[in-house]
Engineer: 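Here you go, one structure.
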Amino acid sequence: VNPNSEQAFVGYARENLLEIALNDPKRNYVDPFGKPEIIYAVKPFWLMYGFRPLNEIKANLAILIPRFFMEHDLAHADLKTLFKLLLGLTGEAKRLVLDKVRQNLPKLNNATVNCWITKLSGEYSDDIGVIMPALLNLVYLEAGQALYVAPRIVNCFLQGVALSLSGNSRNLLRCALTKDHMDVDEFSVVTAFENTTPALIEPGTVSAVETAYKHMDMNFGLSVINMP
């Protein structure tokens, strides 16, 4: 997830006061700037972006991990509580949940979610993040399509070839599906725990050879030049 400007400013100052070196791999904020971003698909591209509606998330989890769902009363949990509970699993508790996810996956009537949980399980077999396709929107971009990646919205790039153009920042908080530094607590502070509907950026024609992609919340844009 990318922080917004206020979060980055505060986080950067806090880690400076804690004397965490800028090159420390455990540092979350390497600059004081927010990070809006455009993803432009050069070739077909898959990503996860934003949370599904809460009732849909709960329905998926009730199928995938029914005992865990009932024991922790997830039917009455808010999104942040549910998310942190899953991401906080370790050891045997995590293994049991992952085993149940794989065991019950055929019962989930969503071929795309099934496909991506299976793919992620093959690469990150002991990472609870493999369940994220059941919680997050799966987005497919055709070549030439672009998506605005807003600060505070959970995202994960999955497959394909895309160009990422962002604001002047390298801040990125991670919680799963990576070998890089992860900080679930700070990730949860930064993240907007709300349903998000992915919206493509409508391209604008500048000239016969130039197409521009810009979002109203960004002070920069992307232009694609097609030479004859």
Engineer: Are Leu138 and Arg52 side-chain neighbours, meaning at least one heavy-atom pair lies under 4.5 Å?
Structural biologist: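 Answer yes - side chains close enough.
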Engineer: Looking at Met182, is its backbone amide N or carbonyl O close enough to the side chain of Arg174 to form a donor-acceptor pair, meaning the two atoms are under 3.5 Å apart?
Structural biologist: no
Engineer: Ring-plane angle category for His215 and Tyr148, please: parallel below 30°, perpendicular beyond 60°, tilted otherwise.
Structural biologist: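 Judged by the thresholds at 30° and 60°, the geometry between His215 and Tyr148 is parallel.
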Engineer: I need the Thr118 OG1 to Glu123 CD distance, nearest 0.5 Å.
Structural biologist: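 It is 13.5 Å, given to the nearest 0.5 Å.
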Engineer: Quick check against the 3.5 Å criterion: does Asn171 have a side-chain atom that pairs as donor or acceptor with the backbone of Gly34?
Structural biologist: no
Engineer: Just wondering, do Tyr49 and Phe157 contact through their side chains at under 4.5 Å, heavy atoms?
Structural biologist: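 They are not in side-chain contact.
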Engineer: Quick one: CZ on Phe220 to CG on Asn168, what's the gap to the nearest 0.5 Å?
Structural biologist: 10.0 Å
Engineer: If you define the side chain from C-beta out and look only at heavy atoms, does anything of Val1 sit under 4.5 Å from Ile153?
Structural biologist: no
Engineer: Consider only side-chain heavy atoms of I, L, V, M, F, W and Y, link residues closer than 4.5 Å, and tell whether Leu96 and Val101 are in one cluster.
Structural biologist: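 Cluster IDs for Leu96 and Val101 differ.
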Engineer: Okay, side chain of Asn195, backbone of Phe51: is any donor-acceptor separation there less than 3.5 Å?
Structural biologist: yes
Engineer: So do the side chains of Leu61 and Leu86 get within less than 4.5 Å of each other, counting heavy atoms only?
Structural biologist: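 Side-chain contact under 4.5 Å: yes.
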Engineer: Can you tell if the side chain of Met132 reaches within under 4.5 Å of the side chain of Ile117, non-hydrogen atoms only?
Structural biologist: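 Side chain of Met132 against side chain of Ile117, heavy atoms only: no contact under 4.5 Å found.
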Engineer: Measure across Val209 and Pro228 and return the closest heavy-atom pair with its distance rounded to 0.1 Å.
Structural biologist: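 Smallest heavy-atom distance, with atoms named: CG1-CD, 4.0 Å.
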Engineer: Shortest non-hydrogen contact from Arg152 to Asn4?
Structural biologist: CD-ND2, 3.5 Å
Engineer: To the nearest 0.5 Å, what is the distance between NZ (Lys179) and CG (Asp127)?
Structural biologist: 9.0 Å
Engineer: Do you know which two heavy atoms are closest between Ala176 and Gly129, and how far apart they sit?
Structural biologist: CB-CA, 3.7 Å
Engineer: Ser125 side chain to Ser121 main-chain N or O, any donor-acceptor pair under 3.5 Å?
Structural biologist: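 No; judged by distance alone, with no hydrogens or angles, the pair does not exist.
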Engineer: Would you check if the side chain of Asn2 reaches a backbone N or O of Leu172 as a donor-acceptor pair within less than 3.5 Å?
Structural biologist: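 Checking the backbone N and O of Leu172 against the side chain of Asn2, no donor-acceptor pair under 3.5 Å is found.
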Engineer: Is there a path of hydrophobic side-chain contacts, each under 4.5 Å between heavy atoms of I/L/V/M/F/W/Y residues, joining Phe45 to Val113?
Structural biologist: no
Engineer: Given side chains that start at C-beta, do those of Leu177 and Cys156 come closer than 4.5 Å, heavy atoms only?
Structural biologist: yes
Engineer: Applying side-chain contact (heavy atoms from CB on, under 4.5 Å) to Leu141 and Leu200, what does each step give before you reach the verdict?
Structural biologist: CA-CA 9 Å; Leu141 299 178; Leu200 300 183; 3.3 Å; yes
Engineer: Do Leu47 and Leu147 have side chains that get closer than 4.5 Å, going by heavy atoms?
Structural biologist: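 Touching, per the 4.5 Å side-chain cut-off.
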Engineer: Start with the C-alpha gap between Asn55 and Lys58, add the side-chain angles, then the distance that decides, and say whether side chain to side chain donor-acceptor pair (under 3.5 Å) holds.
Structural biologist: CA-CA 5 Å; Asn55 61 344; Lys58 290 181 177 181; over 6 Å; no
Engineer: So, do Tyr12 and Phe33 have ring centers that fall under 6.0 Å from each other?
Structural biologist: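 When the ring centroids of Tyr12 and Phe33 are compared, they turn out to be at least 6.0 Å apart.
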Engineer: For the backbone of Met48 and the side chain of Asn155, can you confirm whether one donor and one acceptor N or O come within less than 3.5 Å of each other?
Structural biologist: no
Engineer: Between Thr112 and Trp46, is a side-chain contact (heavy atoms from CB on, under 4.5 Å) present by the stated rule, with each step listed?
Structural biologist: CA-CA 11 Å; Thr112 308; Trp46 281 95; 3.8 Å; yes
Engineer: Please report the shortest heavy-atom distance between Asn60 and Ala134, naming the atom on each side.
Structural biologist: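 Here Asn60 and Ala134 meet closest at ND2-O, 2.9 Å.
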Engineer: Which of these passes side-chain hydrogen bond (donor to acceptor under 3.5 Å, both in side chains) with Tyr29: Gln7, Glu186, Arg14?
Structural biologist: Glu186
Engineer: Give a yes or no on whether Glu19 atom CD has more than 12 heavy-atom contacts from other residues, nucleotides or ligands under 6.0 Å away.
Structural biologist: no
Engineer: Atom CG of Leu17 and atom CD1 of Ile20: how far apart are they, to the nearest 0.5 Å?
Structural biologist: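 If I round to the nearest 0.5 Å, the distance is 10.0 Å.
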Engineer: I need the full list of salt bridge (Lys or Arg N to Asp or Glu O under 4.0 Å) pairs touching residues 21-42, with sequence neighbours left out, sorted by first then second residue.
Structural biologist: Glu15-Arg27
Engineer: Evaluate Val224 against Asn226 for side-chain contact (heavy atoms from CB on, under 4.5 Å), listing each step before the verdict.
Structural biologist: CA-CA 7 Å; Val224 177; Asn226 294 295; 4.2 Å; yes
Engineer: Flag the pair Glu71 and Arg67 as a salt bridge only when some basic side-chain nitrogen lies within less than 4.0 angstrom of an acidic carboxylate oxygen.
Structural biologist: yes
Engineer: For Phe9, does the CZ atom sit with more than 12 other heavy atoms under 6.0 Å from it, leaving out its own atoms?
Structural biologist: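 No.
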Engineer: Do Val97 and Ile63 sit in the same hydrophobic cluster, where Ile, Leu, Val, Met, Phe, Trp and Tyr count as joined when their side-chain heavy atoms come under 4.5 Å apart?
Structural biologist: yes
Engineer: A quick test of your reading: do over 12 heavy atoms of other residues, nucleotides or ligands sit less than 6.0 Å from CG of Asp73?
Structural biologist: yes
Engineer: Do Leu165 and Tyr40 pass the side-chain contact (heavy atoms from CB on, under 4.5 Å) test, and can you show the C-alpha distance, the side-chain angles, and the key distance before you say yes or no?
Structural biologist: CA-CA 8 Å; Leu165 180 65; Tyr40 172 81; over 6 Å; no
Engineer: Linking Ile, Leu, Val, Met, Phe, Trp and Tyr by side-chain heavy atoms under 4.5 Å, what else ends up with Val30?
Structural biologist: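 None; Val30 is a cluster of one.
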Engineer: State yes or no: do Leu105 and Tyr124 share one hydrophobic cluster built from I, L, V, M, F, W and Y residues joined by side-chain heavy-atom distances below 4.5 Å, directly or via other members?
Structural biologist: yes
Engineer: Can you see which heavy atom on Leu120 is nearest to which on Leu158, and at what distance?
Structural biologist: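 Looking at all heavy atoms of both residues, the shortest contact is CD2-CD2, 4.1 Å.
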Engineer: Does any part of the side chain of Phe193, heavy atoms only, come nearer than 4.5 Å to the side chain of Ser188, both counted from C-beta?
Structural biologist: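 Counting from C-beta outward, Ser188 and Phe193 do come under 4.5 Å.
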Engineer: Is the side chain of Asn114 donor-acceptor paired with the backbone N or O of Leu108 at a distance under 3.5 Å, no angle test?
Structural biologist: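 Side chain of Asn114 to backbone of Leu108: a pair is present.
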Engineer: Would you say the side-chain atoms of Asn104 pair up with the backbone N or O of Lys107, donor to acceptor, closer than 3.5 Å?
Structural biologist: no
Engineer: In Å, rounded to the nearest 0.5 Å, how long is the span from OG1 of Thr90 to CG of Asp126?
Structural biologist: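 Between atom OG1 of Thr90 and atom CG of Asp126 there are 12.0 Å.
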Engineer: Does atom NZ of Lys100 have more than 12 heavy-atom neighbours, drawn from other residues, nucleotides or ligands, at distances under 6.0 Å?
Structural biologist: no
Engineer: Assess the side chains of Thr81 and Asp78: does a donor N or O sit below 3.5 Å from an acceptor N or O?
Structural biologist: yes
Engineer: So among Thr211, Leu163, Ile201, Ile39, which one has a side chain to side chain contact (heavy atoms under 4.5 Å, CB included) with Leu222?
Structural biologist: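 Result for side chain to side chain contact (heavy atoms under 4.5 Å, CB included) with Leu222: Leu163.
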Engineer: Has Glu202 got more than 12 heavy atoms of other residues, nucleotides or ligands less than 6.0 Å from its CD?
Structural biologist: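 Open: at most 12 neighbouring heavy atoms sit under 6.0 Å from CD of Glu202.
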Engineer: Minimum heavy-atom separation for Lys94 to Leu89, with atom names?
Structural biologist: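 Here Lys94 and Leu89 meet closest at CD-O, 3.7 Å.
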Engineer: Do Thr205 side-chain atoms and Ser207 backbone N/O form a donor-acceptor pair below 3.5 Å?
Structural biologist: no
Engineer: If you round to the nearest 0.5 Å, how far is CD1 of Ile131 from CD1 of Ile65?
Structural biologist: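 It comes to 4.5 Å.
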Engineer: Hey, any chance Ile225 and Val42 share a hydrophobic cluster, counting ILVMFWY side chains that come within less than 4.5 Å of each other, even indirectly?
Structural biologist: no
